Amino acid sequence: MGLPNPAIKKGINTLIKFSNVTHFYNDGQENKITSLSEINFEIQKGDFIAIIGANGSGKSTLAKHINGLLLPSQGDVFVENYNTKDPENIWEIRKKIGMVFQNPDNQLVATTVEDDIAFGLENIGMEEEEMKERVDWALNIVDLNELRNSEPHLLSGGQKQKVVIAGALAMHTSYLVLDEPTSMLDPKGRKEVLEITKRLNQEEKITIIYITQFMSEAAEFNKIILLDKGKIILSDYPKAIFKKVDLLIKLSLEIPQITKLARQLSENGLNIPTNILKEEEMMEYLCLYI
Amino acid sequence: MFIHLKNVFYTYNLHMPFQTEALKSINIMIEKGEFIGIIGHTGCGKTTLLQLIDGLLEPTEGQILIDGIDIHKDRSKLKEVRKRIGLAFQYPENQFFEETIYKEIAFGPKNLGISDDKIKDMVKNALAMVGMDYYLYKDRSPFSLSGGEMRRVAIASILAIDPEVIILDEPTASLDAQSRDKLLALIKNLYQRYNRTIILVSHNMEIIAELTRRLIVMENGRIMMDDTPRKIFQESIEKLESIGLSLPPVTNLMYKLKKIGKPVNSGILTVEEAKEEILKMVKKK
């Protein structure tokens, strides 16, 4: 195990730290591309963070740096006390961080839901009894108890993602990184995944980093990090981010319909804040007028 | 081209232990130049329906008539029909395999035995239709493109054979707002300027409400509703909610205002319409 990094020992609550991280694809070749550029940020225990940005802004590259799937070309990523660059740390880090990707079909391996959730535990050679306990516990949290003997490929998209999430939970992961987990799902599946993510953060105290291109989803998080061309250009509360509608449009991000409407009404003289995100808020303002 | 699905059933794994009825008594008539949206949950039968329209699947029961001819009775017609219909699956760029964009788009026409000279024109046209410059792109690798560009090349490769009917399954998935808007403008253009029949499947109700002229709602392998989007988003909101489908946020907003007794029109489809309606109410008051 590598030695703890003294630099991050001070801030006990800082669990993940990106320190001046730059990443190149095709490093040393003619077609070298800078995908992340001097990224600095910290994730605290219990954070509930969304990362947004246009196609090609570096979101997925950033996510893959968190658990060492990609390593920085320059700078360092620390997970708790471990530097992802140290090969001795990598399994410790991956045990702590669960990853959920876009397409659940690429992450499901077993013939039953139960076996799939147990897969990671079997790999680390866990005792049968503890394994069973953990699988039961994870199944309960994601509310898939009744489907435990089903074949994963027969489930809906939302249910499949929940199986992937349960697999990570069974490993007692303390962080969950979700990289556009809902982009292939229908609205019902999207809702299911977002709700379970919220619950994991609130009830199980799991730190969540959630990459999405749906602004309506990002609006549900405590904090949003906005990436553009490999750089962090904003990091703030949703309300503050959505005040900058012009910037978001310029960066090719989707603006929620309600926010668009608020802006147009405000341009037409109605006294309505332009960073409204939800229908309920809009209703309250509109009821003052009509 | 006139498409008629007449009492169509489709069963997967017929006479096998895992037999599943994917579609039940489907009746649809599609006229030339329509813009149709299809919505419903994953597993409701949408993809099966698209594959039947495209002639990829043969119905277990019922008929598919194209311009009055049963395409599965007269097999010689099937190939010709498939030329006239272009189907873009979800994530069509996953099927790229050629080394240049030119070759990728030329693949379809080449398979049909068209001469090289003609193919060149077809590739040019197809790229123009998706708003990409022929000389700038023809020699590039399709894999070097951005997500939005890839999607447009994939659609160009479908347009190359100049189909009369274009079927798009979730064409904007994973695209950012700018790429999405460009692609939607392209689809609108195919409908308005080139007068193509468009069938669009999407979970994105905002897109469905804004673009389509007719909406088919599917549930459990059946057609639950088939009407104009305005009518469905005005009169059948409870029905949509009962099967867990959402409304475009502005549609829902106006519906809720009406429900608490505000004198607004419901059945609003776009931000623009909502704004007009609200300003009208404010002035009245």
Side-chain angles (χ1 to χ4, degrees), chain A residues 31 52-57 59 102-103 154-160 180 182-192 213-216 248-270 272 277-283 285-290, chain B residues 18 39-44 46 90-91 144 146-151 170 173-182 202-206 209 243-257 260 262-264 268 270-285:
Chain A
N31 51 350
I52 61 175
N55 294 144
S57 60
K59 301 186 300 272
Q102 214 176 66
N103 187 352
L154 295 177
L155 304 180
S156 73
Q159 288 167 337
K160 283 180 187 170
E180 296 198 24
T182 59
S183 66
M184 294 180 84
L185 306 183
D186 63 20
K188 200 170 142 205
R190 280 174 57 183
K191 223 171 159 183
E192 280 174 10
Q213 49 159 337
F214 297 116
M215 297 305 122
S216 54
L248 297 178
I249 293 173
K250 206 180 110 212
L251 297 179
S252 187
L253 292 164
E254 169 213 76
I255 311 301
Q257 268 196 333
I258 296 296
T259 313
K260 274 188 206 162
L261 179 63
R263 201 159 169 252
Q264 294 195 12
L265 290 173
S266 157
E267 278 165 11
N268 278 278
L270 266 62
I272 290 178
L277 300 167
K278 293 182 185 159
E279 288 157 30
E280 294 72 29
E281 276 177 275
M282 181 61 109
M283 297 255 304
Y285 282 103
L286 286 179
C287 286
L288 303 175
Y289 284 101
I290 53 181
Chain B
F18 295 109
I39 60 173
H41 286 301
T42 315
C44 71
K46 289 176 308 211
Q90 274 185 45
Y91 299 92
S144 72
S146 74
E149 288 172 324
M150 277 195 192
R151 189 69 50 84
E170 206 68 68
S174 291
L175 296 186
D176 62 30
Q178 198 183 17
S179 314
R180 187 196 57 200
D181 291 347
K182 270 191 192 161
S202 181
H203 293 311
N204 186 327
M205 296 297 161
E206 296 178 34
I243 58 170
L245 289 176
S246 59
L247 297 171
V250 288
T251 311
N252 203 28
L253 174 76
M254 301 306 275
Y255 167 69
K256 280 185 186 160
L257 283 172
I260 60 167
K262 301 292 178 187
V264 294
I268 293 293
T270 61
V271 173
E272 190 64 24
E273 285 181 12
K275 180 194 82 183
E276 294 299 328
E277 183 66 19
I278 290 166
L279 291 177
K280 215 164 75 190
M281 288 302 128
V282 173
K283 265 180 213 143
K284 259 189 202 164
K285 200 176 166 183

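Residue numbers start from 1 in every chain, and the chains themselves are labelled A, B, ... in the order their sequence lines are given, proteins ahead of strands. FYI, side chains are in, hydrogens and waters are out, and symmetry mates aren't considered; it's all heavy atoms of this structure. Predicted, not measured: the structure shown is a model, and the values here were computed from it.
- Atom-to-atom distance recorded for B:Leu253:CG and A:Ile258:CD1 is 4.5 Å, nearest 0.5 angstrom.
- Here the side chains of B:His203 and A:Arg190 are not in contact, with every heavy-atom distance at 4.5 Å or above.
- Residue contact with chain B, scored on non-hydrogen atoms closer than 4.5 Å, is absent for A:Ile255.
- Going from atom CD of B:Gln90 over to atom CE of A:Met184 covers 6.0 Å, rounded to the nearest 0.5 Å.
- In this structure, B:Lys275 and A:Lys260 have side chains that are not in contact, with every pair of non-hydrogen atoms separated by 4.5 Å or more.
- Put simply, the side chain of A:Asn55 gets close to the backbone of B:Asp176: a donor and an acceptor are under 3.5 Å apart.
- There is no contact between B:Pro263 and chain A, counting heavy-atom distances below 4.5 Å.
- The contact between A:Gln257 and chain B is made by backbone and side chain atoms together, counting heavy-atom distances below 4.5 Å.
- With A:Asp186 contributing its side chain and B:Thr42 its backbone, the two residues share a donor-acceptor pair below 3.5 Å.
- With a 4.5 Å cut-off on non-hydrogen atoms, A:Leu253 touches chain B through its backbone but not through its side chain.
- Both the backbone and the side chain of A:Ser183 come within less than 4.5 Å of a heavy atom in chain B.
- Contact tally against chain A (heavy-atom pairs below 4.5 Å) for B:Ser246, B:Pro249, B:Ser179: the top residue is B:Pro249.
- With a threshold of 4.5 angstrom between heavy atoms, B:Leu245 does not approach chain A through any atom at all.
- For A:Leu185, the part sitting under 4.5 Å from any heavy atom of chain B is the backbone (N, CA, C, O) and nothing else.
- Ranked by heavy-atom pairs under 4.5 Å with chain B, the list A:Lys191, A:Met283, A:Met215, A:Glu180 is led by A:Met283.
- Atom OH of B:Tyr91 has more than 12 neighbouring heavy atoms from other residues, nucleotides or ligands inside a 6.0 Å radius.
- Shortest non-hydrogen contact noted between A:Leu261 and B:Val250 is CD2-CG1, 4.2 Å.
- A pairwise comparison of heavy atoms in B:Lys262 and A:Ile290 identifies NZ-O, 2.7 Å as the closest pair.
- Side-chain atoms of A:Asn268 and B:Val282, non-hydrogen and from C-beta on, never get closer than 4.5 Å to each other.
- Here the CG atom belonging to B:Asn204 is positioned 7.5 Å from the CZ atom belonging to A:Phe214, to the nearest 0.5 angstrom.
- Contact record, B:Asn252 with A:Glu279: ND2-OE1, 2.7 Å, taken as the closest heavy-atom pair.
- When the candidates A:Lys188, A:Gln264, A:Lys278, A:Met282 are compared by the number of heavy-atom contacts under 4.5 Å with chain B, A:Gln264 comes out ahead.
- In this structure, the separation between CG on A:Leu251 and CD on B:Gln178 is 10.0 Å, given to the nearest 0.5 Å.
- A pairwise comparison of heavy atoms in A:Gln102 and B:Ser174 identifies NE2-OG, 3.6 Å as the closest pair.
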